[in-house]
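Positions are given from 1 along the sequence. Nothing here was measured: the structure is a model prediction, and the numbers come from that model. When reading the values below, keep in mind they use all heavy atoms of this one structure, side chains included, and skip hydrogens, waters and symmetry mates.
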Amino acid sequence: MSYTTDLGLYIDGSWRTGEGRDCHNVINPATGETLAALPLATAVDLDEALAATAQGFAHWRTVDVNARAAILRKVADHIRERAEVIAVLLTTEQGKPLAEARTEVLSCAAQFDYFAEEAKRSYGRVLVRPTGQRALVLKQPVGPVAAFSPWNFPVNLMCKKMAAALAAGCSIIAKPPEETPASTSAIMQCVIDGGVPGNVAQLVYGVPDMVSRHLIASPIIRKVSFTGSVPVGKHLLKLAAERVKRTTMELGGHAPVLIFDDCDLEKAITLSATTKFRNAGQVCISPTRFYVQESVYDRFVAGFAELTKKVQVGNGLDASTVMGPLANERRPSAIAALVDDATSKGAKLLTGGSRGDQGFFFAPTVLSDVPMSAKVMDDEPFGPVALMRPFKTFDEAVAQANRLPFGLAAYAFTENARQANLVADALDTGMVGLNSFVISMPDAPFGGVKESGFGSEGGPEGLDSYYVTKAVHQY
Ligand code: NAD
């Protein structure tokens, strides 16, 4: 196994390494060992990236959409060719099992392919006018984008923003997370090798608050895209509001799962217990609050706990590992505090609840009969913790599902088609999964309502967020 130690910033067509910059230590979350030192951008670096992105946009917006698409498809090809190497980097620095890392890397290629083609179908409109007159609605790229993405899906979430922005004709400065720079830099190399000019796509790492303040304050940046926590999203929204900038905010959730007594219970148990521990639960759409109809509650809880006990926890590079460590040292203590609070208030700990001896491990955890007073019923654990509560009626279940200020994803299991339609209509979230947890794919809008954010990534809606409209009236 090899890990890249030669890390840098990609600004205006060249990689910049140490050279006196402050550094961030990149840690292997499975062992706690330091992997590499990552140079952090200075204000001078950011100013140079801003000047370059303005020039890059002036050029890229004029490139024919078919030529842009051809370049983006080459990027996708490079990602597929290098998927195995990038997946190993991702697992080493983020912790997820190698099979999940491979899937994530390949999802990046799928996004470049999808947006390359979808941009060709971004039509404007011709309005009805008297003979000889014209009124056109044109879609034009919004301008240079500043994109901030987190450490749970480091390459997928960076590519969601980058592929759509580039397809629409925008230039982009991406700031992926400092925790996982080798995999995001390897993807950046695919972008470069695919032919995207060095001032059109750039990559910086830094002190997050310093970088976001600097970039968002610049008049050159016309759009801000952020994926991460609700508090940071609110902070960036305020910065963007001061200069009235376009934003897309994909923030946290606390996804409810409604298990109705007419569902295929074995299927619901198996899918729930496998999906919950994917990426160690560090997924904004992770199923977390399980509301189970009374008559099947005991069977669901027992079956879920049984499968959870069998989840093989270990280093993501080991073939037998089903769940790796958490991604950084902040997470185990945050989760332990939530679990301790819940058990002290009466929740039953059916399995898990403890931290590992080394690295940032936390055991797959199931809590049943969790009281509403437990903090974890309100605060997203963002880790391998499943919460179980019984319900009696449809209305009660929907009220519980919708009671939080978040509205990203929700799920329901029922074999009754009418009930499925009613629950899909009633759930106050941006996405609903019925009898499945698979809700993220390139051609579908991904995003939330309420404090989970606004705007979509994915689908034509995701592309649209990188365009402005211009109405042209000719008399
Ligand atoms: P955090 O709130 O400190 O950071 C969340 C993300 O935002 C990180 O990637 C971080 O680098 C970035 N960030 C922080 N401050 C920033 C700033 N001023 N400008 C730009 N980017 C900034 O939390 P954390 O400890 O990294 O993660 C914990 C919480 O974040 C979780 O509980 C979860 O709710 C949320 N989260 C959500 C997602 C998601 O996919 N929606 C992803 C990661 C984390």
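The side-chain hydrogen bond (donor to acceptor under 3.5 Å, both in side chains) check on Arg82 picks up His78, Asp193, with sequence neighbours excluded. Every residue was checked against the ring-ring contact (aromatic ring centres under 6.0 Å, His included) condition with Phe57, not counting sequence neighbours, and none meets it. With sequence neighbours left out, Asn152 forms a side-chain hydrogen bond (donor to acceptor under 3.5 Å, both in side chains) with no residue at all. Partners of Glu250 under the side-chain hydrogen bond (donor to acceptor under 3.5 Å, both in side chains) rule, at least two apart in sequence or in another chain, do not exist in this structure. Listed by chain and residue number, Phe260 satisfy the ring-ring contact (aromatic ring centres under 6.0 Å, His included) test with Phe391 (two or more places apart in sequence, or in another chain).
In this structure, Asp12 contributes its side chain and Ala52 its backbone to no donor-acceptor pair below 3.5 Å. Using a distance-only test at 3.5 Å, with no hydrogens or angles considered, no donor-acceptor pair links the side chain of Thr4 to the main chain of Asp6.
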Throw together a table of side-chain donor-acceptor distances under 3.5 angstrom for residues 164-176, partners on residues two or more places apart or in other chains.
unit_1: Ser171; atom_1: OG; unit_2: Thr53; atom_2: O; d: 3.0
unit_1: Ser171; atom_1: OG; unit_2: Thr53; atom_2: OG1; d: 2.9
unit_1: Lys175; atom_1: NZ; unit_2: Glu178; atom_2: OE1; d: 3.1
unit_1: Lys175; atom_1: NZ; unit_2: Glu178; atom_2: OE2; d: 2.9

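Each of Lys223, Lys160, Lys161 was compared with Thr248 under the side chain to side chain donor-acceptor pair (under 3.5 Å) criterion, and only Lys223 meets it.
Looking at Ile221 and Ile216, their side chains never come closer than 4.5 Å, going by heavy atoms from C-beta outward. Side chains of Phe394 and Thr414 form no contact here, defined as non-hydrogen atoms less than 4.5 Å apart. Counting heavy atoms from C-beta outward, Tyr205 and Thr184 have side chains that approach closer than 4.5 Å. Residues Lys139 and Asp464 meet the side-chain proximity criterion, which asks for heavy atoms closer than 4.5 Å. In this structure the side chain of Met372 reaches within 4.5 angstrom of the side chain of Arg403, judged on heavy atoms. Glu179 places none of its side-chain heavy atoms less than 4.5 Å from the side chain of Glu93. With a 4.5 Å cut-off on side-chain heavy atoms, Arg121 and Leu463 do not count as touching. At least one side-chain heavy atom of Cys159 sits under 4.5 Å from a side-chain heavy atom of Phe112.
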Evaluate the side-chain contact (heavy atoms from CB on, under 4.5 Å) criterion for residues Tyr411 and Ser272: first the C-alpha distance (whole Å), next the side-chain angles of each, then the deciding distance (0.1 Å), finally the verdict.
CA-CA 10 Å; Tyr411 309 92; Ser272 299; over 6 Å; no
Would Tyr10 and Val191 count as a side-chain contact (heavy atoms from CB on, under 4.5 Å) here? Give the steps.
CA-CA 11 Å; Tyr10 186 73; Val191 173; over 6 Å; no
Would Ile335 and Leu338 count as a side-chain contact (heavy atoms from CB on, under 4.5 Å) here? Give the steps.
CA-CA 5 Å; Ile335 293 166; Leu338 288 171; 5.5 Å; no
From CA spacing to verdict: side-chain contact (heavy atoms from CB on, under 4.5 Å), Leu326, Gln282:
CA-CA 8 Å; Leu326 302 178; Gln282 303 163 113; 3.6 Å; yes
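Under 3.5 Å, the side chains of Tyr123 and Arg125 contain no donor-acceptor pair of N or O atoms. Checked by atom type, the side-chain pair Asn156/Ser107 shows a donor-acceptor distance below 3.5 Å. The closest side-chain donor-acceptor pair between His254 and Asp378, if any, does not fall under 3.5 angstrom. At a cut-off of 3.5 Å, with distance as the only test, a side-chain donor of Thr288 or Lys276 sits close to an acceptor on the other residue.
A salt bridge links Arg213 to Asp209: at least one charged side-chain nitrogen sits closer than 4.0 Å to a carboxylate oxygen. Contact check on Lys74 versus Asp77 returns no salt bridge, with no Lys/Arg side-chain nitrogen under 4.0 Å from an Asp/Glu carboxylate oxygen.
Here OG1 of Thr429 is found 8.0 Å from CD1 of Ile439. Values are rounded to the nearest 0.5 Å. In this structure, CD1 in Ile11 is found 6.5 Å from CG in Leu46, a value given to the nearest 0.5 Å. Distance CD/Glu118 to CG/Leu72: 13.0 Å, rounded to 0.5 Å. Atom CZ of residue Arg243 and atom OG of residue Ser218 lie 8.5 Å apart, to the nearest 0.5 angstrom. Annotation: the span from Thr91 atom OG1 to Asn28 atom CG amounts to 10.0 Å, rounded to 0.5 Å. Atom SG of Cys284 sits about 6.5 Å away from atom CE of Met431, to the nearest 0.5 Å.
The two residues Ser183 and Pro154 come nearest to each other via the heavy atoms OG-CB, 4.4 Å.
For Arg222, the CZ atom is loosely surrounded, since the number of other residues' heavy atoms within 6.0 Å does not exceed 12.
By the 30° and 60° cut-offs, the orientation of the rings of Trp151 relative to Phe382 is perpendicular.
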